[in-house]
Chemist: 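Dropping a structure here in structure tokens format, bear with me for questions.
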Amino acid sequence: MTSYAPEVTAEVLMEALPYIQRLFDKTIVIKFGGNAMVDEALQDAFARDIVLLKQVGLNPVVVHGGGPQINQLLEKLGKQGEFVQGMRVTDRETMDVVQMVLGGLVNKDIVALINRHGGRAVGLTGRDAGLVRARKLKVSRQTAEMLEPEIIDIGHVGEVASIDPSILNLLESKDFIPVIAPIGVGEDGAAYNINADVVASKIAQVLGAEKLLLLTNTAGVLDKEGKLLTGLSARDVEALIENGTIYGGMLPKIDFALDAVRGGVKTVQIIDGRVPHAVLLELLTDKGVGTLIRS
Ligand SMILES: Nc1ncnc2c1ncn2[C@@H]1O[C@H](COP(=O)(O)OP(=O)(O)O)[C@@H](O)[C@H]1O
Ligand SMILES: CC(=O)N[C@@H](CCC(=O)OP(=O)(O)O)C(=O)O
């Protein structure tokens, strides 16, 4: 480990004080993207950041993705992942895989890492305690040549109908850290696959979160030349989608980042999950980077 002069170490530690004071007791929803968690060292640094935040009195709530991890298992089963407007086409068999990977492997690995570093994490899916109520997502597509939009059936994919935060409040009252897999429950009890950015946004709104951080595998939202856009308004976003600068997995992320701002979350940021300790740097130092979403 690099050794710094004592006064430098003290200065770095003191830099965190005003941030800790400002964010004390505040809820921070952190979405850990599947693309940001492919490296073991990064996962470890992420888990330690979460433990530190809790220890100094913030209230972190983790929502995780796992798109690449679902693709890996699908490939082993001889299936190819297919996406429409950033959403996975989810047939019955794919839904089973989504539950195994998100609710099983990925969720439990994050929980175990946080706990190994001294945190008290509890893993949940949206089906637990009716946390995330879902309904089938309707997707439509229209091109210039089409007279009316075409409805596309992408299977067991949900949108959030409502969030019941009771279980999260209970966990918070006992100082547990919730780690949530983005699977919702329909009226009939069936499972729905929901994009993790969507679940993180809705949970942040219902909890009245101070901040929503979306960790991904880019520096933030990039322009056509690959340069980081540090701040975006709803109008900027519309133009960037229109000219094709924002596409694929960034579409639901940006849509629901805006949704969170409109729903009262004070700060929403898309940040680079490939940077070790991105969460800590963003929340407790002057070195936060990424794209800030404005209403
Ligand atoms: N303008 C853009 N800036 C940055 N990334 C973009 C942009 N448009 C599309 N993307 C794509 O969105 C991806 C992030 O979304 P996604 O793959 O769903 O990640 P995550 O697993 O973090 O949710 C990036 O890796 C990139 O390929
Ligand atoms: C409907 C839908 O697309 N669900 C996502 C859920 C996981 C996710 O969102 O993972 P990332 O955050 O890593 O992209 C999926 O099946 O991949």
Side-chain angles (χ1 to χ4, degrees), residues 30-39 42-43 46 62-74 79-91 93-107 110 125-126 132 134-139 152 154-160 180-184 191-202 213-230 232 236-257 269-274 278 290-291 293:
I30 301 151
K31 190 266 174 153
F32 195 26
N35 276 307
M37 61 172 81
V38 283
D39 183 293
L42 280 177
Q43 282 200 34
F46 173 83
V62 177
V63 177
H64 64 82
Q69 293 77 358
I70 297 168
N71 290 342
Q72 269 174 18
L73 184 52
L74 283 175
K79 274 176 98 93
Q80 193 70 33
E82 187 194 339
F83 288 82
V84 173
Q85 294 167 21
M87 301 287 179
R88 182 186 304 279
V89 178
T90 308
D91 61 14
E93 195 184 14
T94 304
M95 189 66 235
D96 288 346
V97 171
V98 166
Q99 290 208 80
M100 286 181 224
V101 174
L102 295 184
L105 264 180
V106 174
N107 187 275
I110 299 172
T125 77
V132 181
R135 59 175 163 253
K136 187 173 163 73
L137 177 72
K138 295 198 177 77
V139 177
I152 313 160
I154 58 169
H156 303 264
V157 174
E159 62 180 348
V160 174
I180 303 159
I183 296 162
Y192 281 93
N193 179 14
I194 312 181
N195 180 285
D197 298 309
V198 177
V199 171
S201 168
K202 294 296 185 190
L213 300 183
L214 302 168
L215 269 70
T216 188
N217 64 340
T218 61
V221 182
L222 309 176
D223 69 10
K224 276 259 190 272
E225 281 73 50
K227 252 187 39 229
L228 175 69
L229 297 162
T230 52
L232 287 177
D236 301 331
V237 166
E238 215 173 284
L240 291 168
I241 293 176
E242 190 89 346
N243 70 18
T245 308
I246 292 177
Y247 57 89
M250 193 52 78
L251 285 170
K253 203 180 298 301
I254 203 90
D255 271 352
F256 283 87
Q269 273 157 303
I270 298 175
I271 64 169
D272 196 342
R274 300 166 306 178
T291 305
I293 311 298

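Note that this is a predicted model, so its numbers are computed, not measured. All values below come from the heavy atoms of this structure, side chains included, with hydrogens, waters and symmetry mates left out. Just so you know, ligand 1 is whichever comes first in the structure, and atom 1 is the first atom listed for that ligand.
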Chemist: Do E159 and V198 touch side chain to side chain, with heavy atoms closer than 4.5 Å?
Modeler: no
Chemist: Looking at R88 and G81, would you say the former's side chain and the latter's main chain have a donor-acceptor pair under 3.5 Å?
Modeler: no
Chemist: If you measure from each non-hydrogen atom of L215 to ligand 1, which part falls under 4.0 Å: side chain, backbone, both or neither?
Modeler: backbone
Chemist: What I'd like to find out is whether the side chain of L251 reaches to under 4.5 Å of the side chain of I246, using heavy atoms alone.
Modeler: yes
Chemist: Please say whether V221 places an N or O atom under 3.5 Å from an N or O atom belonging to ligand 1.
Modeler: no
Chemist: Nearest 0.5 angstrom please: I293 CD1 to I254 CD1, how far?
Modeler: 3.5 Å
Chemist: Counting distance only, does the side-chain N/O of T125 pair as donor-acceptor with the main-chain N or O of G103 below 3.5 Å?
Modeler: no
Chemist: Near I70, which atoms of ligand 2 are under 4.0 Å from a heavy atom of that residue?
Modeler: 15 (C), 16 (O), 17 (O)
Chemist: Provide, to 0.1 Å, the distance between atom 13 (O) of ligand 2 and the closest protein heavy atom, together with that atom's residue and name.
Modeler: G34 N, 2.8 Å
Chemist: For atom 3 (O) of ligand 2, what's the nearest protein heavy-atom neighbour? Residue, atom name and distance, please.
Modeler: R88 N, 2.9 Å
Chemist: Please write down residue, atom name and distance for the protein heavy atom closest to atom 15 (O) of ligand 1.
Modeler: G249 C, 3.5 Å
Chemist: Among protein heavy atoms, which sits nearest to atom 9 (O) of ligand 2, and what does the distance come to when rounded to 0.1 Å?
Modeler: A196 N, 3.0 Å
Chemist: Number the atoms of ligand 1 from 1 as they appear, then name those within less than 4.0 Å of a heavy atom of N35, with their elements.
Modeler: 16 (P), 17 (O), 19 (O), 20 (P), 21 (O)
Chemist: Can you report which non-hydrogen protein atom sits closest to atom 13 (C) of ligand 1, along with the distance?
Modeler: N217 OD1, 4.1 Å
Chemist: Among protein heavy atoms, which sits nearest to atom 27 (O) of ligand 1, and what does the distance come to when rounded to 0.1 Å?
Modeler: Y247 OH, 4.2 Å
Chemist: Going by the order shown, which atoms of ligand 1 are within less than 4.0 Å of some heavy atom of T245?
Modeler: 1 (N), 2 (C), 7 (C), 8 (N)
Chemist: Quick one: which ligand 1 atoms are inside 4.0 Å of a heavy atom on K253?
Modeler: 15 (O), 19 (O), 20 (P), 22 (O), 23 (O)
Chemist: Could you pull out the closest heavy-atom pair between L42 and A36, with the gap in Å?
Modeler: CD1-O, 3.8 Å
Chemist: Which heavy-atom pair separates G273 from A278 by the least distance, and what is that distance?
Modeler: CA-CB, 4.5 Å
Chemist: List every atom of ligand 1 that sits less than 4.0 Å from any heavy atom of T216, numbering the atoms from 1 in the order shown and giving each element.
Modeler: 14 (C), 19 (O), 20 (P), 22 (O)
Chemist: I want to know if ligand 2 touches G66 in the polar sense, i.e. an N/O pair below 3.5 angstrom.
Modeler: yes
Chemist: How does T218 reach ligand 1, by side chain, by backbone, by both or by neither, if only non-hydrogen atoms under 4.0 Å count?
Modeler: side chain
Chemist: Under 4.0 Å from any heavy atom of I194, which atoms of ligand 2 are there?
Modeler: 4 (N), 6 (C)
Chemist: Could you tell me how the ring of F46 sits relative to the ring of F32: parallel (under 30°), tilted (30 to 60°) or perpendicular (over 60°)?
Modeler: parallel
Chemist: Would G67 count as being in polar contact with ligand 2, using the rule that some N or O on each side must be under 3.5 angstrom apart?
Modeler: yes
Chemist: Checking a contact table here: which protein heavy atom is nearest atom 5 (C) of ligand 2, and how many Å away?
Modeler: N193 OD1, 3.7 Å
Chemist: Is the backbone of I270 close enough, under 3.5 Å, to the side chain of K253 for a donor and an acceptor to pair up by distance?
Modeler: no
Chemist: For K227, does the NZ atom sit with more than 12 other heavy atoms under 6.0 Å from it, leaving out its own atoms?
Modeler: no
Chemist: More than 12 foreign heavy atoms under 6.0 Å from NZ of K79: is that the case here?
Modeler: yes
Chemist: Pull out every atom of ligand 2 sitting under 4.0 Å from any heavy atom of G65, numbered as shown with elements.
Modeler: 8 (C), 10 (O), 11 (P), 12 (O), 13 (O)
Chemist: Go through ligand 2 atom by atom and flag the ones less than 4.0 Å from a non-hydrogen atom of V157.
Modeler: 1 (C)
Chemist: For atom 4 (C) of ligand 1, which protein heavy atom lies nearest, and how many Å away is it?
Modeler: G220 O, 3.4 Å
Chemist: State, with a plain yes or no, whether a side-chain heavy atom of D255 is found less than 4.5 Å away from one of I241.
Modeler: yes
Chemist: Can you check whether D197 has an N/O within less than 3.5 Å of an N/O in ligand 2?
Modeler: no
Chemist: Where is the tightest heavy-atom contact between L222 and T245, given as atom of each residue plus distance?
Modeler: O-CG2, 3.4 Å
Chemist: For M87 versus I154, what's the shortest heavy-atom pair and its separation?
Modeler: CB-CD1, 3.7 Å
Chemist: Does a side-chain heavy-atom distance below 4.5 Å link M250 with T218?
Modeler: yes
Chemist: Check K227 against ligand 1 and report side chain, backbone, both or neither, counting heavy atoms closer than 4.0 Å.
Modeler: neither
Chemist: Which ligand 2 atoms are under 4.0 Å away from a heavy-atom of M87?
Modeler: 1 (C), 3 (O)
Chemist: Below 4.0 Å from ligand 2: does a non-hydrogen atom of K31 turn up there or not?
Modeler: yes
Chemist: Quick check against the 3.5 Å criterion: does K31 have a side-chain atom that pairs as donor or acceptor with the backbone of L213?
Modeler: no
Chemist: Tell me, which protein residue and heavy-atom name are nearest atom 3 (N) of ligand 1, and how many Å apart are they?
Modeler: L222 N, 2.9 Å
Chemist: Nearest protein heavy-atom contact for atom 12 (O) of ligand 1: which residue, which atom, what distance?
Modeler: M250 N, 3.4 Å
